[in-house]
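As the structure is a prediction and not an experimental result, all values here were calculated from the model. To find a chain, count down the sequence lines: A is the first, B the second, and so on, and within it residues start at 1.
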Amino acid sequence: MGLVPPCFITEIVERDLREGKYPRLLTRFPPEPNGYLHIGHARSIVLNFGLALDYGGECNLRYDDTNPETEKEEYARAIEEDVRWLGFTPDRVLYASDYFETMYRCALVLIQEGKAYVDDLSEEEMSELRAQGKPSPYRDRSVEENLELFERMRQGEFPTGSRVLRAKIQPDHPNFKLRDPVLYRIVHAPHYHAGNRWVIYPMYDYAHPLEDFIEGVTHSLCTLEFENNRAVYDWVIENLKGKCGLPLAPRPYQYEFARLDLTYTVLSKRKLIRLVEGGYVSGWDDPRLPTLRALRRRGVRPEAIREFVRRTGISRHEARIEMELFEEVVRDDLNPIAPRVLGVLEPLRVVLTNYQGEEWLEAPYWPRDIGKEGARPLPFSQELYIERSDFSLNPPKGWKRLAPGQRVRLRHAYVIELEDVVEEGGEVKLLKARMVPGTLGANPEDGIKPKGVIHWVSARHALPVEYRLYNRLFLTQDPEEGGDFLKNLNPLALEVKKGFVEPSVAQDPPETRYQLERLGYFWQDPGDSRPGRLVMNRIVPLKEGYRPQ
RNA sequence: UGGGAGAUCGGCUAAUGGUAGGCCGGCGGGCUCUGGACCCGCUAGUGGGGGUUCGAAUCCCUCUCUCCCAGCCA
């Protein structure tokens with residue numbers, strides 16, 4: 001099965017390949033290195049790299065770094081790391097800023113052909129005239145004057161923002177993008193990759209088609225908000241093909257697809273920055289965030305993210321996907337690979353009145369339906385911890401757990417029944433219970449079968465764990481609801497519990513992902529967990545079949 | 001206002017003139033030493049109005065709604 005779901009883009013690719021339009025497919029993932037990648041970017045990454053893999057082509061990772069004021073090497077490195085973590089190997093790692101010389105020579109050609117001019121208008125004046133559809137008074141400068149002015153711009157003779165190079169297209173075109181778009185601006189600022197060589201920087205609309213064309217990209221895939229920019233993309237390529245060392249054909253074409261958006265979270269750079277810098281989360285890798293580093297730290301596997309992209313499809317329809325689907329895909333991914341172990345989040349002590357000593361039981365890691373082999377020794381003893389929520393003094397209808405007069409089975413162990421409840425200040429402190437003899441791997445001889453099965457650990461053997469339970473970042477599907485997204489933050493997006501886990505996990509590789517039975521999928525926090533001081537992140541809870549009335 | 005795009009079950013997405021299907025969710029049942037997984041069933045849709053056609057989600061006209069553009073950001 002392919003990485004990319006069948007869609008209008010795979011149709012285009014298949015058609016182009018069938019018709020022999022290109023010798024081979026070449027795509028690119030072109031982020032600006034001005035922030036961290038999030039799950040929204042995953043759609044673009046999987047699309048571009050996946051297409052290359054599915055159709056025997058290649059895919060470049062290219063930093064679209066044409067704005068020195070926003071970009072950092074730190075971001076570029078993080079982006080590459082995240083792309084590789086997602087499971088993709090760029091055929092090349094490239095920088096748009098390495099093409100600045102070629103782009104400059106192309107601009108010279110445009111000027112010489114009377115297709116570009118230097119404009120002295122202020123930003124406000126230009127905006128005004130553009131809105132009115134009127135030409136700039138500098139539009140008809142001579143080629144010689146434009147050449148001289150542009151050269152002086154490059155030499156750094158003019159201050160930041162004082163002049164621009166514009167394409168001479170049509171001042172009153174109905175598509176505003178075509179109203180003589182700016183090609184170059186002056187910015188006196190060092191560039192993280194190009195250094196101090198340049199003080200003029202190309203604009204996206206001019207740079208992007210050239211980057212694609214230079215690299216031999218065949219299909220230039222971007223999101224819907226660039227639809228209007230396609231006309232400029234085509235103008236640049238049509239006016240420069242066969243010049244400055246650029247080929248005549250074949251040329252790249254731009255196709256747009258819808259962004260990936262999710263409920264109960266935010267994906268805009270601006271809002272993510274406010275969450276991080278405002279201290280609402282602990283950093284860019286805080287597992288509450290939708291960034292790829294956060295999901296990685298939380299324990300989500302790259303396989304799940306790729307599958308999520310595949311399952312949600314590629315379309316031209318703006319859509320917000322329900323978080324429930326993402327969570328389900330994460331569970332689907334973990335279910336067949338996560339060994340089952342027992343742990344308790346909120347311990348309630350249980351003392352068995354008719355059991356002494358200890359024994360080590362053999363407990364299989366996998367339920368029958370997974371079909372995998374393997375087991376671990378599980379210690380059982382007189383004092384146990386069970387989940388506080390697995391006991392009720394006044395159980396509601398349909399209760400399958402421990403209650404006065406109601407037996408339960410301890411998973412992989414014995415059936416127990418309640419004898420006494422020790423309360424202190426209105427709180428249940430301790431349970432005294434009786435183990436029903438002969439119930440290891442068998443039903444009680446008296447024929448009274450337990451209604452349910454609960455998880456537990458042996459108090460003496462269990463390892464203490466700090467559990468970090470991650471929930472949705474926002475209370476509302478749309479965090480924007482009501483105006484201020486910060487007001488909709490979920491105060492319980494992170495809950496910390498001091499609990500226990502069975503001792504076998506100490507023997508496992510620290511990156512093991514577990515299913516704590518009846519609780520959810522967990523793994524050790526790669527940042528804070530230590531052998532003697534376990535910290536476990538809940539990746540995603542299990543589906544809860546029981547709903548109290 | 002001009003220009004560009006998009007509307008299919010509650011959500012996402014198929015059907016490319018020929019039985020409106022799948023997944024997520026929700027509800028109910030089966031099975032189970034996980035109230036998980038798995039299995040079964042139910043729920044529920046072509047934005048409105050006209051037209052073409054034997055036949056329309058699909059083609060045409062029209063209306064409505066939503067998104068994008070009018071940075072020297074990408």
Q: Could you work out the separation of B/C23 and B/C40 based on their P atoms and round it to a whole Å?
A: 9 Å

Q | ring pair (Phe, Tyr, Trp, His ring centres under 6.0 Å) partners of A/Tyr385, counting only residues at least two apart | A | A/Phe500

Q: Answer with base, sugar-phosphate or nothing: what part of the nucleic acid does A/Arg518 contact at a heavy-atom distance below 4.0 Å?
A: base

Q) With a non-hydrogen cut-off below 4.0 angstrom, is A/Asn67 in contact with a base, only sugar-phosphate, or nothing? A) sugar-phosphate

Q.
Quick check: on RNA chain B, is the nucleotide nearest A/Glu71 upstream (toward 5') of the one nearest A/Glu225, or the reverse? Name the residue that is more 5'.
A. A/Glu225

Q: Identify, with sequence neighbours excluded, every residue that meets ring pair (Phe, Tyr, Trp, His ring centres under 6.0 Å) alongside A/Tyr95.
A: A/Tyr63, A/His193

(Q) What's A/Glu544 touching, base or sugar-phosphate or nothing? Going by heavy atoms closer than 4.0 Å. (A) sugar-phosphate

Q) Looking for any heavy atom pair under 4.0 Å, which part of the strands does A/Gln132 touch: base, sugar-phosphate only, or nothing? A) nothing

Q. C1' atom, B/U8 versus B/U13: distance in rounded Å?
A. 9 Å

Q) Looking for any heavy atom pair under 4.0 Å, which part of the strands does A/Thr70 touch: base, sugar-phosphate only, or nothing? A) nothing

Q. A/Glu69 near the nucleic acid: base, sugar-phosphate alone, or nothing, with a heavy-atom cut-off under 4.0 Å?
A. nothing

Q: Quick one: list whatever passes side chain to side chain donor-acceptor pair (under 3.5 Å) with A/Arg538, sequence neighbours left out.
A: A/Asn471

**Q.** Start and end of the RNA chain B segment that chain A contacts, any atom under 4.0 Å from a heavy atom
**A.** B/G2 to B/A74

Q. For A/Pro6, what residues pass the side chain to side chain contact (heavy atoms under 4.5 Å, CB included) criterion, not counting sequence neighbours?
A. A/Thr10

Q. If you look at every strand shown and take non-hydrogen atoms under 4.0 Å, does A/Lys400 touch a base, only sugar-phosphate, or nothing?
A. base

Q. Which part of the nucleic acid, if any, lies within contact of A/Arg401, taking any heavy atom under 4.0 Å across all strands shown: a base, the sugar-phosphate backbone alone, or nothing?
A. base

Q. With rounding to whole Å, what would you report as the distance between B/G21 and B/G45 at their P atoms?
A. 12 Å

Q. With no hydrogens and no angle check, do the side chains of A/Glu517 and A/Gln515 hold a donor and an acceptor under 3.5 Å apart?
A. no

**Q.** Partners passing side chain to side chain contact (heavy atoms under 4.5 Å, CB included) against A/Arg15 (at least two apart in sequence or in another chain)
**A.** A/Ile12, A/Arg18, A/Glu19, A/Tyr255

Q: Please state the P separation for the pair B/G41 and B/G35 - nearest whole angstrom.
A: 25 Å

Q) Base, sugar-phosphate alone, or nothing: which one does A/Thr66 contact when heavy atoms must sit under 4.0 Å apart? A) sugar-phosphate

Q.
If you assign each of A/Ala442 and A/Arg43 to its closest nucleotide in RNA chain B, which residue comes earlier from the 5' end?
A. A/Arg43

**Q.** Selection residues 150-170 of chain A - residue pairs positive for ring-ring contact (aromatic ring centres under 6.0 Å, His included), sequence neighbours left out
**A.** A/Tyr104-A/Phe150, A/Phe150-A/Tyr184

Q. Taking only residues two or more places apart in sequence, or in another chain, which ones meet A/His412 in a ring pair (Phe, Tyr, Trp, His ring centres under 6.0 Å)?
A. none

Q: State plainly whether the residues A/Arg152 and A/Glu157 are in salt-bridge range, i.e. N to O under 4.0 Å.
A: yes

Q. If you measure from the C1' atom in B/C12 to the same atom in B/U53, how many Å do you get, rounded?
A. 33 Å

Q: Indicate syn or anti for B/G50, taking the glycosidic torsion and treating anything within 90° of 0 as syn.
A: anti

Q: Classify the nucleic acid contact of A/Gly398 as base, sugar-phosphate or nothing, counting any heavy atom under 4.0 Å across all strands shown.
A: base

Q) Considering only the C1' atoms, how many Å lie between B/G47 and B/C42, rounded to the nearest integer? A) 27 Å

(Q) Going by ring pair (Phe, Tyr, Trp, His ring centres under 6.0 Å), name the residues that satisfy it together with A/Tyr192, two or more places apart in sequence or in a different chain. (A) none

Q: Answer with base, sugar-phosphate or nothing: what part of the nucleic acid does A/Val182 contact at a heavy-atom distance below 4.0 Å?
A: sugar-phosphate

(Q) Give me the distance, rounded to whole Å, that separates B/C67 from B/C60 when you measure between the C1' atoms they each carry. (A) 25 Å

**Q.** Check: A/Arg306 side chain, A/Leu3 main-chain N or O, donor-acceptor pair, under 3.5 Å
**A.** no

Q: Using a heavy-atom cut-off of under 4.0 Å over every strand shown, decide if A/Gly441 touches base, sugar-phosphate, or nothing.
A: base

Q: Would you jot down, in residue-number order, the residues of residues 407-415 of chain A having a non-hydrogen atom under 4.0 Å from RNA chain B?
A: A/Arg409, A/Arg411, A/His412, A/Ala413

Q | A/Ala207: side chain to side chain contact (heavy atoms under 4.5 Å, CB included) partners, not counting sequence neighbours | A | A/Thr66, A/Met103, A/Pro202, A/Glu211

Q. Do A/Gln170 and A/Asp180 have side-chain N/O donor and acceptor atoms under 3.5 Å apart?
A. no

Q. Taking NZ, NE, NH1 and NH2 as the nitrogens, is one of them in A/Lys134 or A/Glu128 under 4.0 Å from a carboxylate oxygen of the other?
A. no

Q. With rounding to whole Å, what would you report as the distance between B/U43 and B/G6 at their P atoms?
A. 33 Å

Q: Could you give me the stems involving RNA chain B, meaning stretches of three or more consecutive Watson-Crick or G-U wobble pairs whose two defining distances are both below 3.5 Å?
A: B:1-7 with B:64-70, B:10-13 with B:21-24, B:25-30 with B:38-43, B:47-51 with B:59-63

**Q.** Sugar-phosphate only, base, or nothing, as touched by A/Ser127 at under 4.0 Å among non-hydrogen atoms
**A.** sugar-phosphate

Q) A/Tyr184 near the nucleic acid: base, sugar-phosphate alone, or nothing, with a heavy-atom cut-off under 4.0 Å? A) nothing

